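Just so you know, these numbers come straight off a predicted model, no measurement behind them. Basis for what follows: all heavy atoms, side chains included, without hydrogens, waters or symmetry-related copies.
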Amino acid sequence: MRFYFVLICVLAAGITHAQKHTNSAFKTYRQQYKNDLYEIIKEDTAHIAFYDFNPAMVVKAKVTLLKNEPVFKMTTSSGKTKDAQKYALLEFSLNGKPFRIFAYQLLMLKNKAETADDLFVPFTDLTCGKTSYGGGRYLDFKLKDIVNNQLIIDFNKAYNPYCAFTSGYNCPIPPRENDIPFAIKAGEKYNADKFKH
């Protein structure tokens, strides 16, 4: 009995240590994000906010690669469009409910050697326009992130497009098929009162 009690304590300590390590890593990640964004919005980075790290928002998705998908015009915040293609169907569960969204490739990035393996996942969810940006948020991946037809989606890394903060950008608007009917309380938040265009 004593052995099992000690084992449980060790496991609990391990989990606590792992959580602290994860939270520390995310503090570093988020600080770097704010540093990178400083060139765009300067002192307004002080108003950048995030949901608390939520381990339940890290999910494993089944990936179905799509072939011969037609190029389509993805609408942007300025009314202009960007050529895009669906690359993969991503299927996952949140709180026991199944969801599906798509990963895309933007042709302007696909046709450049340094960004040819970039995948783009714009999405909306039930927090949009409330505690997160109304125009949706983004997730970025690399082709190498897909392993054995699976992809780890970490919604804690969801971020706002530049047009959430300032004008002059053509931010892709998430296609309706990437609307998630669930509150993704993870990643970057948004307070419209702090950012006046």
Side-chain angles (χ1 to χ4, degrees), residues 33 37 48-110 118-143 145-146 149-167 169-195 197:
Y33 170 80
L37 196 57
I48 299 296
F50 304 93
Y51 292 95
D52 290 338
F53 173 75
N54 187 348
M57 292 295 134
V58 182
V59 299
K60 183 181 290 186
K62 174 187 174 185
V63 178
T64 302
L65 300 180
L66 306 173
K67 297 182 179 180
N68 302 318
E69 286 292 318
V71 174
F72 72 96
K73 303 291 185 181
M74 186 177 285
T75 305
T76 73
S77 56
S78 68
K80 297 180 180 179
T81 61
K82 293 188 177 184
D83 289 343
Q85 280 180 302
K86 288 183 187 177
Y87 184 85
L89 170 65
L90 312 177
E91 299 176 283
F92 57 92
S93 294
L94 283 170
N95 199 28
K97 298 178 180 179
F99 298 100
R100 48 187 283 165
I101 55 179
F102 291 91
Y104 306 88
Q105 283 190 310
L106 298 176
L107 265 60
M108 61 181 291
L109 300 180
K110 182 180 178 181
D118 286 3
L119 294 179
F120 175 57
V121 180
F123 71 94
T124 53
D125 68 277
L126 295 183
T127 69
C128 287
K130 298 174 183 176
T131 54
S132 73
Y133 181 55
R137 291 178 288 168
Y138 300 162
L139 289 164
D140 296 328
F141 300 97
K142 297 286 187 180
L143 297 184
D145 294 329
I146 300 174
N149 296 317
Q150 293 183 329
L151 175 68
I152 300 300
I153 300 176
D154 188 348
F155 286 103
N156 292 287
K157 293 184 177 180
Y159 66 94
N160 293 332
Y162 287 164
C163 56
F165 311 113
T166 186
S167 58
Y169 288 92
N170 301 316
C171 302
I173 296 173
R176 187 169 296 179
E177 61 198 7
N178 269 24
D179 178 56
I180 302 172
F182 185 84
I184 306 293
K185 296 180 180 180
E188 191 172 0
K189 301 170 78 173
Y190 186 70
N191 185 342
D193 294 334
K194 299 294 184 182
F195 299 99
H197 293 281

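Side-chain contact check for Phe141 versus Ile153: some heavy-atom pair is nearer than 4.5 Å. Side-chain contact between Pro161 and Pro172: absent, with no pair of heavy atoms (C-beta onward) separated by less than 4.5 Å. At a threshold of 4.5 Å between non-hydrogen side-chain atoms, the residues Pro181 and Phe99 count as touching. Two residues are said to be in side-chain contact when any heavy atoms from C-beta on lie closer than 4.5 Å; Thr75 and Lys73 fail this criterion. Within the 4.5 Å cutoff, no side-chain heavy atoms of Val59 are placed close to those of Ile152.
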Between Lys185 and Thr131, is a side-chain contact (heavy atoms from CB on, under 4.5 Å) present by the stated rule, with each step listed? CA-CA 8 Å; Lys185 296 180 180 180; Thr131 54; 5.6 Å; no

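Atom OH of residue Tyr162 and atom OH of residue Tyr138 lie 11.0 Å apart, to the nearest 0.5 angstrom. Atoms CZ and CZ, on Phe92 and Phe155 in that order, are 4.0 Å from each other to the nearest 0.5 Å. Interatomic distance, CG of Asn191 versus CD1 of Ile48, reported as 10.5 Å (0.5 Å rounding). To the nearest 0.5 Å, atoms CD (Glu177) and OG1 (Thr124) are separated by 11.0 Å. To the nearest 0.5 Å, the span separating CG on Asp145 from CG on Leu139 amounts to 11.0 Å. Atom CG of residue Asn178 and atom OH of residue Tyr104 lie 4.0 Å apart, to the nearest 0.5 angstrom.
The main-chain N or O of Leu89 is never found under 3.5 Å from a side-chain atom of Arg100 such that the two would form a donor-acceptor pair. Listed for the Ser77 side chain is a donor-acceptor partner under 3.5 Å among the backbone atoms of Cys171. Judged by distance alone, the side chain of Asn156 and the main-chain N or O of Asn54 form a donor-acceptor pair under 3.5 Å. Under a 3.5 Å cut-off, the side chain of Gln85 and the backbone N or O of Glu69 do form a donor-acceptor pair. A donor-acceptor pair is defined here as one N or O able to donate and one able to accept, closer than 3.5 Å; no such pair exists between the side chain of Asn95 and the backbone of Lys97. Put simply, the side chain of Tyr87 never gets that close to the backbone of Leu119: no donor and acceptor are under 3.5 Å apart. Of the possible donor and acceptor atoms, one in the side chain of Asp125 sits under 3.5 Å from a partner among the backbone N and O of Ile184.
The minimum heavy-atom distance between Ala164 and Asn160, with the atom names listed, is CB-CB, 4.0 Å.
A side-chain contact (heavy atoms from CB on, under 4.5 Å) with Met74 holds for exactly one of Leu106, Leu107, Ile173, Asp83; it is Leu106.
Heavy-atom contacts from other residues, nucleotides or ligands closer than 6.0 Å to NZ of Lys142 number more than 12.
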